[in-house]
Amino acid sequence: MFGVDRFDAILPPGTGAIMAVGASQPTVVATKDGRIGMKSQMQVNVTADHRVIYGADLASFLQTLAKIIEDPKDLTL
């Protein structure tokens with residue numbers, strides 16, 4: 001909404017985790033077939049208290065989130 005492409009969220013006391021999501025921007029990337037193309041990309045950052053949230057579970061969550069964002073039709077299954 002404000003065009004901020006990245007930022008870090010500060011974890012408030014008593015909170016297990018917080019997510020910061022930046023604006024998507026067109027970026028030059030290599031495609032799966034080795035060509036150069038354009039793709040919208042955004043940065044997602046999670047700050048977590050590892051006393052509360054297990055890091056591997058958070059990494060798995062971020063992988064799932066990325067898959068859903070990249071292919072939202074999976075939400076309808």
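For the numbers below, each heavy atom of this structure counts, side chains included, while hydrogens, waters and symmetry mates do not.
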Donor-acceptor contacts under 3.5 Å from residues 4-25 side chains, at least two apart:
unit_1 : atom_1 : unit_2 : atom_2 : d
Arg6   : NE     : Gln43  : OE1    : 3.0
Asp8   : OD1    : Asn45  : ND2    : 2.6
Thr15  : OG1    : Pro12  : O      : 3.3

Distance-only donor-acceptor hits, side chain of residues 54-68, under 3.5 Å, sequence neighbours excluded:
unit_1 : atom_1 : unit_2 : atom_2 : d
Thr64  : OG1    : Ser60  : O      : 3.1

Q: For Val28 and Met38, run side chain to side chain contact (heavy atoms under 4.5 Å, CB included): C-alpha distance rounded to whole Å, both residues' side-chain angles, the deciding distance at 0.1 Å, then the answer.
A: CA-CA 5 Å; Val28 177; Met38 295 293 289; 3.6 Å; yes
Q.
Arg51: which residues meet the side-chain contact (heavy atoms from CB on, under 4.5 Å) condition with it, sequence neighbours left out?
A.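 For Arg51, the residues satisfying side-chain contact (heavy atoms from CB on, under 4.5 Å) (neighbours in sequence not counted) are Asp49.
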